[in-house]
Asks: 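I'd like to ask some things about the structure below.
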Amino acid sequence: MNIIYALILFPLAAAIVIFFVRNDSIRNAVVKVSAFVVAVLTLCVFAWYFQNGISFTPANGEIIDIVIMVIEVLVAAYLIIAGLKNKKYIVSVFSVIQTTLILWFELTGKQGIEVENSIIFDKLTAIMVLIAGVIGSLICLYAVGYMKWYHKQHKNYKERKYFFLAVLFLFLSAMFGLVLSNDLTWLYFCWEITTLCSYLLIGYTKTEEAKNNSFLALAINLGGGIAFAAAIVFIGINFKTLELSDLIAMKRSATVLIPVFLLSVAALTKSAQFPFSSWLLGAMVAPTPSSALLHSATMVKAGVYLIIRLAPLLGLSTVGIIVTTIGCITFLICSLIAISQTDAKKILAYSTLANLGLIVICASVGTQESIWAAILLVIFHAVSKSLLFLSVGSIEHQIGSRSVEDMDILLHVSRRLSLYMIIGMAGMFLAPFGMLISKWVAMKAFIDSNHILAVIVIAYGSAATLFYWTKWMGKLVSNANVKKQRKHTFFAEEEIPIFIHTVLVVLSCFGFPLISKYALVPFLTDLYGADAIIPIGTSDVKIMIVMLGMLLIIPIGFIPIYKQDKRRIVPIYMAGENTGDNETFYGGNGEKRKVELRNWYLESYFGTKRFSFWCNVISICVLCVGVIVLIGGFAK
Amino acid sequence: MIIGTCFFVSLISYRKKVVYYIMEQQIKMILPNELLTETLRLKNEGYRLVAITCTNKNGLELSYSFDKEYNFLNLRFVTDTKTEIDSISNIYSYAFLYENEIKELFGVHIVNIVIDFNNNLYKIPVKTPFNMKKEEE
Amino acid sequence: MGNRTVIPFGPQHPVLPEPIHLDLMLEDERVVEAIPRIGYIHRGLEKLVEKKDFQQYTYVAERICGICSFMHGMGYCMTIESIMDIKIPERAEFLRTIWAELSRMHSHLLWLGLSADAFGFESLHMHTWRLREQVLDIFEETTGGRVIFSVCEIGGVRKDISPETLDKIDRILTDMEKELKEITHVFLSDSSVKYRTKGIGVLSKQAAFDLGAVGPMAKASGIKRDLRTQGYAAYGKLKFEPIIETDGDSYARTSVRIKEVFQAVDLIKQAIAIIPEGGINVKVTGNPNGEYFTRVEQPRGSAMYYVKASGSKFLDRFRVRTPTFANVPALLETLKGCSLADVPILILTIDPCISCTER
Amino acid sequence: MNFIKKSPWILHYDGSSCNGCDIEVLASLTPLYDVERFGIINTGNPKHADILLITGSVNEQNIPVVKQLYEQMAEPKAVVAVGICATSGGIFAECYNVVGGVDKVLSVDVYVPGCAARPEAVIDGVVKALGILEQKQKRMRKRKYR
Amino acid sequence: MFTFILRIIGIIILAPLAGGMLTGMDRVITARMQGRQGPPVLQPFYDVLKLLQKEPIEVNLMHRFYVYIALIFVIFTTVIMLTGGDILLAIFALTLGSIFFVLGGYASNSPYSLVGSERELLQMMAYEPMVLLTGIGLYYADNSFFIKDIVSAQAPAILSLPGIFLGLLFILTFKLRKSPFDLSMCHHGHQEIVQGITTEYSGRDLAVIEITHWYETVIALTLVFVFFATKAPVSYVFAVLACLLAYFLEIVIDNGFARVKWQLALDSSWIITGVLGTVNLIILSFFR
Amino acid sequence: MAILSMSKTLFKSLVHGPYTVLYPVKKKETYERTRGRVEINISQCIYCGLCQRRCPTGAIQVNRGNTTWSIDRLKCIQCNYCNEVCPKKCLRMNNEYTSPSFGSVRDDYTNARVSGDKENN
């Protein structure tokens with residue numbers, strides 16, 4: 001028995017078990033054990049196959065095909081009924097279209113197409129598996145702690161923990177399948193399952209808002225699914241193959257670019273790029289573990305994963321330019337909009353969108369350097385962002401609010417949590433942490449490949465990124481006075497995953513030369529046939545390691561200085577009207593008035609209203625141009 | 001105390017023998033309860049409030065000064081600390097500062113001020129400093 | 001309102017020359033609400049009439065405010081003179097006019113400098129104040145004090161200005177006018193200055209009227225009212241037109257003040273040209289008895305003085321309504337919706353004299 | 001070496017003066033007198049200032065403010081009372097809301113007379129305060145090394 | 001290795017001295033432009049030495065930490081730049097330093113510091129694109145991010161990057177905290193937000209901020225320097241002259257403008273960057 | 001768009017040099033009328049006390065018995081009123097202002113002899 005089967009099937013089994021266990025403590029134990037096993041399995045698979053990779057087709061492929069078909073039909077039926085029941089007819093329509101399309105193809109066109117390698121495990125797959133497995137299992141563990149209090153704080157939601165946790169594991173299984181499949185029909189199946197999981201989790205709370213958002217997500221992703229299905233049909237009919245690797249190996253031509261375009265559209269919907277971005281923002285109503293797992297760390301990465309796979313066909317081709325443009329718009333605009341958000345999860349969502357945009361740009365530029373950057377971005381983003389999501393979840397637990405404005409007391413509530421949070425944010429935008437390194441390389445790659453627009457976008461977008469992260473960080477370090485300590489509990493199930501994430505963020509920065517050397521360079525060399533080189537010079541890497549070391553050592557170095565140099569503490573400057581406690585001043589009528597400090601959100605400048613509509617219009621136009629060019633056969 | 005509330009409504013105008021600069025000194029005596037109607041009338045005629053002055057001599061003598069272009073006019077009545085005087089800040093919004101001040105410094109019982117500082121306009125060590133003698137007596 | 005920044009502004013604040021306090025409620029940088037608190041300079045000097053006799057009180061009146069010191073002294077003296085029916089010599093009237101207009105120049109230049117400082121134009125501030133020093137020199141030469149003159153007395157003025165000195169003043173003003181033009185040109189035409197003043201703190205004519213605004217604040221909104229036209233002191237013999245602007249923004253107020261500086265130069269020159277010979281004061285005997293309201297036009301707007309006396313050495317009541325007091329409601333109106341960066345300019349734009357206001 | 005003599009930064013607070021002294025303090029910063037020659041900067045922030053320059057007398061409402069500002073200044077620090085009001089209450093000493101000179105609240109190091117104090121006098125006063133600052137600095141250092 | 005370390009120590013010591021002297025000259029020239037006598041040229045050093053001697057006070061325990069770490073990273077940047085290191089890396093390190101400085105403002109939890117921090121961040125957002133584009137432009141011109149390669153090019157970078165250079169001059173006003181873009185803090189404290197981020201710092205911490213600023217001045221002028229330096233040693237003289245001229249220009253601008261509000265600061269710098277910087281880059285990319 | 005319209009003035013000032021009076025080194029000339037400090041020609045004083053009564057701040061103390069005339073420098077507001085009312089015209093307003101001091105300054109004049117704090121004169 002191949003261990004890869006275990007990787008895919010074990011979470012599935014776990015999901016089923018968890019679904020049927022209705023006792024909290026037993027279920028929690030099962031989840032913990034399963035998460036641990038998933039992590040171990042992931043590491044085993046990684047260790048086993050990393051060096052040489054593996055590609056094979058399961059012996060009983062046809063049975064699997066049939067099982068898949070049956071499940072597809074069942075899922076479609078469920079979605080159609082759900083759509084009809086909730087009067088979201090578009091969902092039903094989309095579901096009908098794609099299922100018919102794919103069924104028709106399976107039953108007619110597919111006959112006679114031999115799939116040589118249904119499953120391929122190469123370096124990129126290894127990285128994706130590692131991300132999904134390690135982060136996924138950590139998040140599942142976290143979910144145990146999170147769900148303990150979630151229903152205590154939100155009494156109006158129906159308690160369905162078994163369902164929630166089961167879907168998480170189901171999703172893990174699908175995600176493993178997605179990154180391992182080389183057979184497009186299997187890939188498509190897993191793709192649809194992740195869509196379903198996402199829909200189920202967004203609708204978890206069953207509120208009106210959650211319901212609407214879940215159907216929005218479903219509609220958009222099913223739309224992407226149609227594009228995917230169409231691409232499969234097109235490839236199957238025209239090229240008599242269903243293997244992704246074969247498609248990639250083809251030469252660019254107008255006909256090849258059509259399925260590539262369709263697949264890119266599917267990827268863009270999954271990665272929630274403009275104009276399909278609205279669903280991801282809506283998805284933030286779901287409980288935080290699902291936001292962390294599906295909507296930032298792994299599932300949305302499936303989209304960019306597909307684009308990275310397609311990268312050799314993109315480059316400066318028509319489709320490549322279109323995808324790059326869409327990525328540029330998303331990156332820039334979402335970075336700007338994030339400035340105007342107060343809800344922590346919204347900020348994270350916009351930041352996710354922006355970073356996905358950046359990865360899309362990198363991947364679609366399609367040079368060795370840029371893909372190097374894209375993959376590193378995927379890794380760093382997954383780790384940092386899931387750390388941030390988990391921390392926000394815990395912060396909500398501790399202080400009862402998700403608003404950034406309320407986080408100024410966090411330093412007094414839980415010092416550790418704010419430290420984790422700060423490290424996570426630093427990981428998102430500061431030198432010498434991962435995201436910035438990748439951004440830097442991306443920039444270099446864009447210059448080298450003469451993508452001047454992307455260069456400029458990255459310059460502006462990074463500046464905006466700096467603004468919203470720093471002001472959030474500022475809230476976390478601000479020493480607001482809280483007179484009485486709040487009581488709080490920080491479950492070990494919450495803290496352990498967060499802590500491991502934090503360590504991962506730091507380690508990944510130290511370790512990126514290794515990742516680069518052992519995973520990326522061989523992968524890129526294989527992909528392009530030319531020797532890939534690490535885009536960052538060793539002297540720079542050294543300096544960065546020094547910087548990182550400084551960041552770790554200096555704070556510790558300050559401890560003796562602090563011990564030695566005790567100072568007189570004076571009240572803050574309040575124009576002479578202090579009352580003495582740093583919290584209030586004598587106000588207009590002579591009575592005490594509380595100082596309130598709030599960050600800038602520049603609503604009139606960067607508000608959602610100002611941007612969303614026009615950006616959607618522009619990106620739709622860009623897509624339409626793509627369609628016209630491809631249909632006209634002008635593509636090259 | 002009530003002597004000041006002279007029961008005649010008359011227009012007294014002085015003419016000073018100063019050659020270069022003559023300023024009409026029109027003082028119209030009214031009753032406290034006529035204040036609002038008189039003020040409203042002046043407002044409708046296009047007058048603006050210039051100042052409210054209080055003098056503590058033979059009772060609290062309140063003078064409301066108005067002007068229209070260069071025309072200058074005063075309404076005057078005499079009151080005490082107990083009588084409730086209606087605020088004119090509903091008619092002239094900017095009267096609130098004068099009224100608060102008079103309320104605080106003289107202890108005139110002005111009610112319904114739009115923005116009432118509740119005797120917190122100034123932080124002073126003595127209560128109603130301009131009306132101290134009365135309390136000592 | 002959890003979404004608002006609430007910060008104290010003043011009493012001690014680098015942009016505030018005088019203490020006033022505002023609770024500012026901000027959204028980003030936009031001021032949503034401003035609640036004032038005054039009283040930091042309240043001394044209660046009106047009550048001092050019970051302790052200082054009416055002659056001594058001239059010195060107190062002068063010290064109501066150090067910027068419009070002369071005007072306060074003059075207003076007080078005029079009121080007492082009216083009560084006592086004193087006609088002061090014509091030369092004294094002219095001298096008062098000259099000093100009053102010089103005070104106006106000094107006050108407006110001071111304000112211009114401060115406003116330049118408020119919008120962060122340090123060199124402009126410095127140069128404006130450099131020019132102002134020339135006016136102060138004239139003061140020192142003619143009265144002996146740089147800011148507090150102690151030159152007005154009941155019944156006239158204490159000191160005469162010799163014809164030579166008058167000529168000198170005329171010369172200095174002619175020279176100054178040139179330099180003033182150079183500096184005021186920056187205020188009126190530099191685009192970075194205009195950016196900070198144009199359209200900032202707009203007060204419509206109606207609002208200015210309804211809120212009781214006086215002085216440049218009202219003039220900039222198009223209300224043509226200048227008590228000097230009533231001809232007190234020697235103004236009746238001088239030719240001038242009240243200056244008005246119609247935009248009602250900070251720029252218009254700057255412009256009004258700048259024009260008034262030049263107008264003041266012109267008025268002084270006119271006065272110097274036709275100043276009559278003669279005595280400068282008359283002897284005052286007896287004590288005042290009666291009451292009087294006087295109104296004069298200060299640099300900041302019209303001020304009202306009221307004196308009630310009953311024949312004793314000590315007055316019954318002295319009351320002064322200063323222009324800033326009347327302009328505070330207008331200030332609060334303009335503060336709403338402005339940006340934090342505009343707050344200093346808007347506070348300055350009424351040319352606040354807190355020490356006048358609170359007495 | 002004590003560098004405090006070379007760069008005394010001042011904080012100006014207007015107690016309840018008539019403005020006369022305030023504008024003279026400001027005038028001493030401007031070209032004709034230019035106290036920046038001595039390294040003097042008007043900081044407007046107690047945390048940075050070495051010399052607290054108070055004009056005008058103190059009253060009920062500004063006593064806490066003045067105390068607060070003084071407390072927020074770092075040692076060595078000096079208080080200079082500028083003008084007659086700040087030194088003794090001046091002509092307003094008898095007003096009901098005037099407590100008196102600044103020395104009623106803080107220990108004043110240098111008294112600058114004048115109504116209004118001339119810029120030259122302000123400069124003299126600050127220069128005199130420098131000597132006091134230097135002594136305070138020495139004392140502070142002695143305390144530290146003991 | 002030994003000479004290298006010696007060089008680094010030299011840079012760490014000499015850079016602030018140069019920066020301090022420049023600041024002193026700035027103050028004298030500014031004073032003269034305002035018709036004043038002005039302080040002695042060494043005044044900035046007196047100020048810092050005095051601040052070091054003052055009693056240390058603080059508003060909370062964490063507050064001072066950030067300025068020290070900011071100083072360390074700014075020194076780090078200076079060393080990278082002056083030893084001819086990677087210009088982008090230097091920019092990133094500088095940004096890191098600035099961010100710590102901003103966090104220092106937040107850490108005090110004081111109203112004016114907070115507004116100062118927000119404005120400082122806004123300024124960073126305004127000038128950062130141009131700084132990045134400068135690095136990118138230099139890479140376009142000389143095919144290397146390393147300053148040691150850029151300054152030993154055949155032709156001075158200014159020839160191919162006039163637009164970028166003008167853009168850089170524009171944002172130098174931000175970097176050097178000069179009017180009209182001294183929104184967050186300025187050298188003379190007459191501002192609505194008191195002294196912005198530095199409001200709550202005093203004594204030693206303030207001295208550290210001042211020294212940080214000296215280093216930043218050197219960094220900013222180094223950016224000007226690399227536009228003029230070529231292989232020929234004589235160009236170094238021109239480059240230094242260009243730096244001084246640029247600094248003088250900044251002083252003139254400082255004295256010739258009113259402080260703007262954040263809207264204009266952001267708009268103008270993004271538009272200038274967008275026009276001068278990107279057009280220049282686009283043209284360059286055509287000729288590659 | 002008028003930018004840098006200040007530059008003309010700036011460069012002019014740069015060339016012109018500072019307008020500053022280097023105060024402690026050089027003094028700005030005072031005017032004849034400059035009000036600095038009240039002084040008395042004590043030999044002519046008749047101790048009528050009119051100045052004491054008229055002084056708005058109560059700075060002047062006249063003691064007929066001891067033949068002393070003293071003034072509290074920290075109370076004097078240089079209004080010149082005493083000078084005006086003096087029947088013997090023995091008071092004079094000096095151009096020199098009182099220099100700052102570390103404590104209260106009271107200048108006592110007894111007949112024909114000036115005593116008091118020399119440093120503060």
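Just so it is clear: chains get the letters A, B, ... in the order the sequence lines come, proteins before strands, and each one is counted from 1.
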Asks: Mind ranking E/Leu132, E/Leu121, E/Val115 by heavy-atom pairs under 4.5 Å with chain A and telling me who comes out on top?
Replies: E/Leu121
Asks: When heavy-atom pairs shorter than 4.5 Å are enumerated against chain E, which of A/Val455, A/Val546, A/Leu476, A/Leu436 gives the highest number?
Replies: A/Leu436
Asks: Tell me, please, which residues at least two apart from E/Glu55 pass salt bridge (Lys or Arg N to Asp or Glu O under 4.0 Å).
Replies: A/Arg568
Asks: Classify the side-chain pair E/Glu120/E/Ser184 by whether it contains a donor and acceptor separated by less than 3.5 Å.
Replies: yes
Asks: Answer with side chain, backbone, both or neither: which region of E/Ser117 has an atom nearer than 4.5 Å to a non-hydrogen atom of chain A?
Replies: neither
Asks: Quick check for you: among A/Gly474, A/Ser539, A/Ala575, which has the greatest number of heavy-atom pairs under 4.5 Å with chain E?
Replies: A/Gly474
Asks: Under the rule for salt bridge (Lys or Arg N to Asp or Glu O under 4.0 Å), what residues qualify as partners of E/Glu128, not counting sequence neighbours?
Replies: none
Asks: If you measure from the Lys or Arg side-chain nitrogens to the Asp or Glu carboxylate oxygens, is any gap between A/Lys594 and A/Glu583 under 4.0 Å?
Replies: yes
Asks: By a 4.5 Å heavy-atom criterion (distance strictly below it), what part of E/Phe65 contacts chain A: side chain, backbone, both, or neither?
Replies: both
Asks: Between A/Val570 and chain E, which part of the residue has a heavy atom less than 4.5 Å away: side chain, backbone, both or neither?
Replies: both
Asks: Check whether E/Trp270 gets within reach of chain A through its side chain, its backbone, both or neither, counting any heavy atom under 4.5 Å.
Replies: both
Asks: Does anything in residues 271-286 of chain E pair up under salt bridge (Lys or Arg N to Asp or Glu O under 4.0 Å), and if so which pairs, sequence neighbours excluded?
Replies: none
Asks: Taking atom CZ of A/Phe606 and atom CG of A/Leu336, what is their separation to the nearest 0.5 Å?
Replies: 5.5 Å
Asks: Does any heavy atom of chain A fall under 4.5 Å from the side chain of E/Glu118, the backbone, both, or neither of them?
Replies: both
Asks: With respect to chain E, which residue among A/Met473, A/Lys475, A/Met550 yields the maximal number of heavy-atom pairs within a distance under 4.5 Å?
Replies: A/Met550
Asks: Examine A/Trp440 together with E/Phe145 and report whether their ring centres are nearer than 6.0 Å.
Replies: no
Asks: Residue by residue, which of residues 81-90 of chain E have a heavy atom closer than 4.5 Å to a heavy atom belonging to chain A?
Replies: E/Asp86, E/Leu88, E/Leu89
Asks: Just so I understand: if I count every heavy-atom pair under 4.5 Å between each of E/Val102, E/Ile72, E/Thr95 and chain A, which residue has the most?
Replies: E/Ile72
Asks: Can you say whether A/Phe467 sits under 4.5 Å from chain E via the side chain, the backbone, both, or neither, judging by heavy atoms?
Replies: both
Asks: Kindly say whether the aromatic ring centers of E/Phe170 and E/Tyr127 come within a distance under 6.0 Å.
Replies: no
Asks: Which bit of E/Ile80 is near chain A, if near means a heavy-atom gap under 4.5 Å: side chain, backbone, both or neither?
Replies: side chain
